[in-house]
J.: 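Please see the structure below; I have some questions.
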2 protein chains.
Amino acid sequence: MSKLVGTGQCASCAIRHLSIFANLKPTRLDNIPFRPLVTRYKAGETIYLQGDKANTLFTVRSGIVKVTKSLADGRSHILYLETAGALLGWDSFLESCYTQSAIAVSDCELCQLPEADLERLRRNDRDVDTAILQRWVTSLRRAESRMLDLSTRKGTEKLASLLLEWYADAAPGSWVELPLTRGELGEILGLTVETISRFLADWRKRGLISEEHHKIRIDDPDTLKNIAAGNNRKSRTSSP
Amino acid sequence: MSKLVGTGQCASCAIRHLSIFANLKPTRLDNIPFRPLVTRYKAGETIYLQGDKANTLFTVRSGIVKVTKSLADGRSHILYLETAGALLGWDSFLESCYTQSAIAVSDCELCQLPEADLERLRRNDRDVDTAILQRWVTSLRRAESRMLDLSTRKGTEKLASLLLEWYADAAPGSWVELPLTRGELGEILGLTVETISRFLADWRKRGLISEEHHKIRIDDPDTLKNIAAGNNRKSRTSSP
DNA sequence: CGTACAATTGAGAATCCTCAAGGGTAGTGG
DNA sequence: CCACTACCCTTGAGGATTCTCAATTGTACG
């Protein structure tokens, strides 16, 4: 199960520059009126479940968290993959229940921010308030971009985009950890396991990517970018 | 073009109970330090465009507004349909550009809320702040539900749900205005004009709905609810 | 009454899903 | 150490769904 590591020292936190406290001056940090609990989760462990009473927000310190949403009949979807610095659990602000579940994809470490404490801090500190507001708008933008992707783009376009985005910060030609199963990739993009498997197999054969264990390498980024841009579509000539 | 009607009197506003000022006590309303401009738009007119400098939020007073997002290649999608009480233009909080466009679907009347004024009010008034925060979380939830719908549900399920939702507040068996074209319905659900047209034609033939001019009536809500729930799927028996 | 746009309908094809079978891999317990 | 299990991945065949292209009809509005 998840393990409590201790209480965080925000002033000396290694990922503070990514967090909502990034812009707080050191003197202000002393005013943070609570010490967030730091919890460690192993891959596959649940952080919170859709339907649980929502009264805590979380900041990801390390690892990858998938945020999923399920339908009554069992169909589900991965809404976001969150990494270091992300803030989870907005539903807490409504003092209701979580409308999604959060699950560790890799081993993770998270800070717990009780809603009441964070709310008090937000009201008293303009920088924290602004940081939260910005994250909020950014989350909404991201969700809206995903809606556009889901509704207008083909499977190959979406998968190619996801790989490139995942790979964005990596050195060209290097191996990158991809701790997601085919099923999870499908749940992000709205495709089935088999479809993902077929696309990746095809791209491996064509020399666009290589895979080994749970690592992936992009060998032909240009072609992949073309696919992501939809240039493999049948005919979309702009000439009359 | 859009026409300026005048400046709003929040205290006596007919839709205040739906707005972010709903919970302000009458005495507090006098403290609203600005008079929102009220503007009228005719069907089809643009309220703001993706890429415009974002410094104004809007409250819908009457009519229906579609909020759309476009890809570089021209493909686009309707993110939301907004009605009385809705707040638009969150991007203004980031002092950047609008990442969507807002267009009047029917004749509309909107209040303009300059970001700077609203921001000042939000910081000074806890109720306004809470109201905005709640709308934010609600918007995010709605976007996430739509993501789930777009990625997991079939066309018929989505269209049936949309009609039922649209019809939710109407009396059973009554005619309801549906000012959306087939193309717009498709842009909401991620389907083409032709697909929408075929679904509706089929349902008309089967006696589930009736259409006349731009009005629609649901004749067999039960069957439609079944379709929306996915009960027309091939086989999903839970027995072994 | 012409023009522009919306809706319909058909035919064929692209895309993706479902079902099914088989192979690989990692962890577990005797 | 090995069998066993569970889970993930792959691949094929067939079919459901939806798109694309094209032609036609209907409708609103100046």
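All chains are named by letter (A, B, ...) in the order of the sequence lines, taking the proteins before the strands, and each is independently numbered beginning at 1.
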J.: At under 4.0 Å, does any side-chain N or O of B/T192 touch on OP1 or OP2 of D/dC19?
T.: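 For D/dC19, OP1/OP2 do have a side-chain N/O of B/T192 under 4.0 Å.
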J.: Considering heavy-atom distances to DNA chain C, does A/R198 or B/E211 have its closest nucleotide positioned more toward the 5' end?
T.: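 Looking at DNA chain C, the more 5' nearest nucleotide goes with B/E211.
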J.: Would you indicate what B/G44 reaches in the nucleic acid, counting non-hydrogen atoms under 4.0 angstrom: base, sugar-phosphate, or nothing?
T.: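 Nothing, no heavy atom under 4.0 Å.
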J.: Quick check for you: among C/dT8, D/dT10, D/dT11, whose closest atom lies nearest to any side-chain atom of A/R204?
T.: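 Looking only at heavy atoms from C-beta outward on A/R204, the closest nucleotide is D/dT10.
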J.: Does a side-chain N-to-carboxylate-O contact under 4.0 Å join A/R198 and A/D202?
T.: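 Answer for the salt bridge query: no.
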J.: Got a salt bridge between A/R75 and B/E157, using NZ or NE/NH1/NH2 to carboxylate O under 4.0 Å?
T.: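 Answer for the salt bridge query: yes.
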J.: With the side chain of B/A201 defined as its heavy atoms from C-beta on, choose the nearest nucleotide among C/dT8, D/dT11, C/dT9.
T.: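 Minimum distance to the B/A201 side chain belongs to C/dT9.
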J.: Expressed as a whole number of angstroms, how long is the span from A/D202:CG to C/dA14:C1'?
T.: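 Taking CG of A/D202 and C1' of C/dA14, I get 15 Å after rounding.
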J.: Considering just the side-chain nitrogens and oxygens of B/H213, establish if one lies under 4.0 Å of OP1 or OP2 belonging to D/dA28.
T.: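 Yes, such a contact exists.
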J.: What is the separation between atom CD on B/E194 and atom C1' on D/dC21, rounded to the nearest whole Å?
T.: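 B/E194 atom CD is separated from D/dC21 atom C1' by 9 Å.
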J.: Do B/R204 and B/E212 sit within salt-bridge range, that is, some charged N less than 4.0 Å from a carboxylate O?
T.: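 Not counted as a salt bridge, because no side-chain N and carboxylate O are separated by less than 4.0 Å.
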J.: Determine, for B/E82 against B/R61, whether the closest basic-nitrogen to carboxylate-oxygen distance falls under 4.0 angstrom.
T.: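 Salt bridge between B/E82 and B/R61, a charged N being under 4.0 Å from a carboxylate O: no.
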J.: May I have the distance from A/L189 (atom CG) to C/dC17 (atom C1'), rounded to whole angstrom?
T.: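 Answer to the nearest Å: 15 Å.
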J.: Separation of B/L200 atom CG from C/dA6 atom C1', in whole Å?
T.: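 From B/L200 CG to C/dA6 C1': 13 Å.
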J.: Do B/D219 and B/R217 meet the salt-bridge criterion of a basic N to acidic O distance under 4.0 Å?
T.: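 Salt bridge between B/R217 and B/D219, a charged N being under 4.0 Å from a carboxylate O: yes.
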J.: By nearest atom, which of the nucleotides D/dC9, C/dT8, D/dC19 is closest to the B/R182 side chain?
T.: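 Per side-chain heavy atoms of B/R182, the pick is C/dT8.
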J.: Starting the side chain at C-beta, find the nucleotide from D/dT18, C/dC17, C/dT18 nearest to A/T195.
T.: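 Given the options D/dT18, C/dC17, C/dT18, the side chain of A/T195 is closest to C/dC17.
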J.: Select one nucleotide: of C/dC16, D/dT10, C/dT18, the one nearest the side-chain heavy atoms of A/L191.
T.: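 Selected nucleotide: C/dC16.
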J.: Any salt bridge linking B/E109 with B/K42? Criterion: basic side-chain nitrogen under 4.0 Å from a carboxylate oxygen.
T.: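 Here B/E109 does not pair with B/K42 in a salt bridge, since their nearest N and O are not under 4.0 Å apart.
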J.: Would you mind reading off the distance between A/I216 atom CD1 and D/dC9 atom C1', rounded to a whole angstrom?
T.: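 About 14 Å, once rounded to whole Å.
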J.: Among D/dT18, C/dC16, C/dT9, which nucleotide has an atom closest to any side-chain atom of A/K154?
T.: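 Of all the options, the side chain of A/K154 is nearest to C/dC16.
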J.: Just how far is it from atom CG of B/L88 to atom OH of B/Y48, taken to the nearest 0.5 Å?
T.: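 Reported value, rounded in 0.5 Å steps: 5.0 Å.
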J.: By nearest atom, which of the nucleotides D/dC8, C/dT18, C/dA7 is closest to the A/T181 side chain?
T.: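 Ranking D/dC8, C/dT18, C/dA7 by closest atom to the A/T181 side chain puts D/dC8 first.
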J.: What is the distance from CD1 of A/I196 to P of D/dT10, rounded to the nearest Å?
T.: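 Going from A/I196 (CD1) to D/dT10 (P), I get 11 Å.
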J.: Would you mind reading off the bend of the helix from C/dC1-D/dG30 to C/dG30-D/dC1 from its two end axes, five pairs each, to 10 degrees?
T.: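 It works out to 40° between the end axes.
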J.: For B/D220, is there an ion pair with B/R206 - N to carboxylate O distance below 4.0 angstrom?
T.: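 No salt bridge links B/R206 with B/D220.
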J.: From NZ of B/K158 over to C1' of D/dT18, roughly how many Å is that when rounded to an integer?
T.: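 Value for this atom pair: 10 Å.
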J.: Is there a donor N/O on one and an acceptor N/O on the other, under 3.5 Å, for the side chain of A/E184 and the base of D/dC8?
T.: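 A donor-acceptor contact between them is absent.
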J.: Between P on C/dT25 and NE2 on A/H214, what's the gap in Å once rounded to a whole number?
T.: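 A/H214 atom NE2 is separated from C/dT25 atom P by 11 Å.
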